[in-house]
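Take a look at the structure below.
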Amino acid sequence: MSQDVLPSTPLAPSPSSSGRAPLVVGLDLGGTKMAAALVDSGGTLQGPVSSCPTPAHEGPTAMLNAISGLIATVVETGTHQEPGKAAAITAVGIGTAGVVDVERGTILSATDAITGWAGTQVATGVRERLAAQGLGELPIHVENDVDAYAAGEAWLGAGTGAEVVLMVAVGTGVGGALVLDGRTRRGAHHVAGEIGHVPVPGAQGEPCTCGRTGHLEGVTAGPQIHRRYLAKGGDPDVPDARGVEERAAAGDDIAAEVYRDSAACLGRALAGLVTVIDPDVVVVSGGLARAGDLWWEPLRQTFAAEIIDPLAPIKILPATLGTTAPIVGAARGALALATSNDNHRP
């Protein structure tokens with residue numbers, strides 16, 4: 001059963017049960033660092049973004065402690081208008097790597113980027129810790145990080161005003177999300193919109209991080225671009241995908257081929273998904289989205305060559321909110337959850 005929890009229209013400012021205007025914490029949980037900020041009901045950050053390292057390999061307890069500690073820091077830091085005065089929040093939204101059961105706030109599955117993360121009851125663990133710190137029994141919304149990014153971009157970024165937004169994140173991995181009428185479509189197994197493990201022509205035989213071969217991520221993700229460059233005889237001193245891009249721009253034929261192939265594979269995958277979904281717009285985020293024409297041109301050219309004529313007007317656009325998108329998207333889920341709790345309170 002689909003777990004669609006976001007409202008179909010942008011949330012309008014409304015007082016909480018305490019009479020305060022809704023103010024929540026949105027948190028983006030990454031593999032190396034986590035960042036959070038206070039967000040109001042219009043999606044505007046009301047305080048500075050605070051961050052801390054992610055204890056990704058220290059176990060779930062350390063993770064939950066770090067998440068709760070960062071939230072407490074954001075609350076204590078206060079708003080731009082009242083710095084240093086603890087803010088009153090109504091809910092918390094968290095965007096995290098992994099497949100998430102949104103209703104329960106539990107991680108169903110995850111890669112080893114965060115050790116032991118699968119099975120962690122994030123919502124319960126964070127709620128208990130915040131209550132112990134005196135912040136009360138707050139509603140905790142937890143969703144996949146790309147879903148959070150998509151929610152932010154669909155609400156206030158490159159997808160603003162669109163009914164159907166297909167979001168693709170291309171960086172150290174490849175993720176995706178689908179937003180329909182403002183709602184993130186989770187799917188029957190919580191993986192709707194996931195594009196990274198779509199089999200795609202051009203990736204045959206290429207190893208994927210999931211353990212299979214032939215998937216989009218095995219060709220398009222940054223580490224895989226670097227791996228393929230080295231496997232084809234590229235300069236071993238090139239340290240990463242950014243270095244491959246620089247070498248391609250400087251005339252390195254192997255680098256140019258690998259970089260072009262990665263973008264073309266993504267273009268083919270997007271053409272297939274767009275043909276099935278028929279979105280208003282495709283929004284691309286992540287490290288590769290910040291690349292230049294060397295990557296964007298073959299992506300758009302391949303997409304245009306594969307797509308049928310009625311779908312030709314669909315644009316592929318770079319994301320516009322940057323690193324604040326998942327914070328805003330997670331906050332929107334928290335605002336919806338807080339509003340729902342207020343409406344059901346006797």
Side-chain angles (χ1 to χ4, degrees), residues 28-32 95-100 109-114 143-151 153 158 165-179 184-187 189-229 240-242 244-245 258-274 276-277 279 282-291 294-296 298-300 302-303 306 316-319 323 325-326 329:
D28 175 28
L29 174 57
T32 57
T96 173
V99 177
V100 181
S109 67
T111 68
D112 58 5
I114 301 178
E143 64 181 320
N144 171 265
D145 53 354
V146 179
D147 285 354
Y149 206 122
E153 285 289 338
V165 178
L166 176 61
M167 182 81 191
V168 181
V170 190
T172 55
V174 179
L178 183 62
V179 181
T184 304
R185 176 72 178 179
R186 315 290 179 188
H189 303 91
H190 310 279
V191 294
E194 179 60 67
I195 187 176
H197 303 290
V198 170
V200 61
Q204 299 94 326
E206 296 289 348
C208 183
T209 55
C210 71
R212 294 176 172 82
T213 62
H215 293 177
L216 179 65
E217 185 169 298
V219 172
T220 304
Q224 305 309 316
I225 290 174
H226 182 235
R227 175 190 60 78
R228 296 184 72 237
Y229 171 72
D240 52 26
R242 179 62 60 85
V244 176
E245 179 186 3
V258 170
Y259 218 67
R260 184 175 58 249
D261 287 350
S262 74
C265 277
L266 179 58
R268 293 188 197 98
L270 290 179
L273 289 176
V274 162
V276 174
I277 297 169
V282 178
V283 179
V284 181
S285 70
L288 271 296
R290 295 188 287 273
L294 193 69
W295 189 80
W296 276 98
L299 166 59
R300 287 179 167 139
T302 303
F303 177 80
E306 298 281 358
I316 303 177
L317 301 176
T323 57

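Position 1 is the first residue of the sequence, and the numbers go up from there.
Here salt bridge (Lys or Arg N to Asp or Glu O under 4.0 Å) pairs that include residues 258-269, with residues two or more places apart or in two chains, number zero.
The shortest side-chain heavy-atom distance between Gln224 and Glu206 does not fall under the 4.5 Å cut-off. Side-chain contact between Pro279 and Val165 is absent, with no heavy-atom pair separated by less than 4.5 Å. Here the side chains of Leu178 and Leu273 are not in contact, with every heavy-atom distance at 4.5 Å or above. Counting heavy atoms from C-beta outward, Arg228 and Ser262 have side chains that stay 4.5 Å or more apart. The shortest distance between side-chain heavy atoms of Leu270 and Ile195 falls below 4.5 Å. With a 4.5 Å cut-off on side-chain heavy atoms, Thr184 and Val179 count as touching. Looking only at side-chain heavy atoms (C-beta outward), Thr220 and Leu288 stay at 4.5 Å or farther from each other. Within the 4.5 Å cutoff, no side-chain heavy atoms of Ser285 are placed close to those of Glu153.
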Q. Can you list the steps and then say if Asp147 with Arg186 is a side chain to side chain contact (heavy atoms under 4.5 Å, CB included)?
A. CA-CA 8 Å; Asp147 285 354; Arg186 315 290 179 188; 3.0 Å; yes
Q: Evaluate the side chain to side chain contact (heavy atoms under 4.5 Å, CB included) criterion for residues Thr323 and Asp28: first the C-alpha distance (whole Å), next the side-chain angles of each, then the deciding distance (0.1 Å), finally the verdict.
A: CA-CA 9 Å; Thr323 57; Asp28 175 28; over 6 Å; no
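Panel note: side chain Arg227, backbone Gly218; a donor-acceptor pair is recorded below 3.5 Å. Side-chain N or O atoms of Trp296 include one that pairs as donor or acceptor with a backbone N or O of Ala289 at under 3.5 Å. Not one N or O on the side chain of Glu217 forms a donor-acceptor pair closer than 3.5 Å with the backbone of Gly173.
Taking both residues in full, the closest heavy atoms of Gly222 and Ala241 are given as O-CB, 3.3 Å, listed atom of the first, atom of the second, then distance. For Val100 against Asn144, the heavy-atom pair with the smallest separation is CG2-N, 3.6 Å. Of all the heavy atoms in Ala151 and Gly329, the pair that sits closest is CB-CA, 3.9 Å. Contact detail for Thr209 and His197: the closest heavy-atom pair is OG1-CE1, 4.1 Å. Between Ala158 and Ala319 the shortest heavy-atom distance is CB-CA, 4.4 Å. Cys265 approaches Ala203 most closely through the heavy-atom pair SG-N, 4.3 Å.
Other residues, nucleotides and ligands contribute over 12 non-hydrogen atoms within 6.0 Å of the CZ atom of Arg300.
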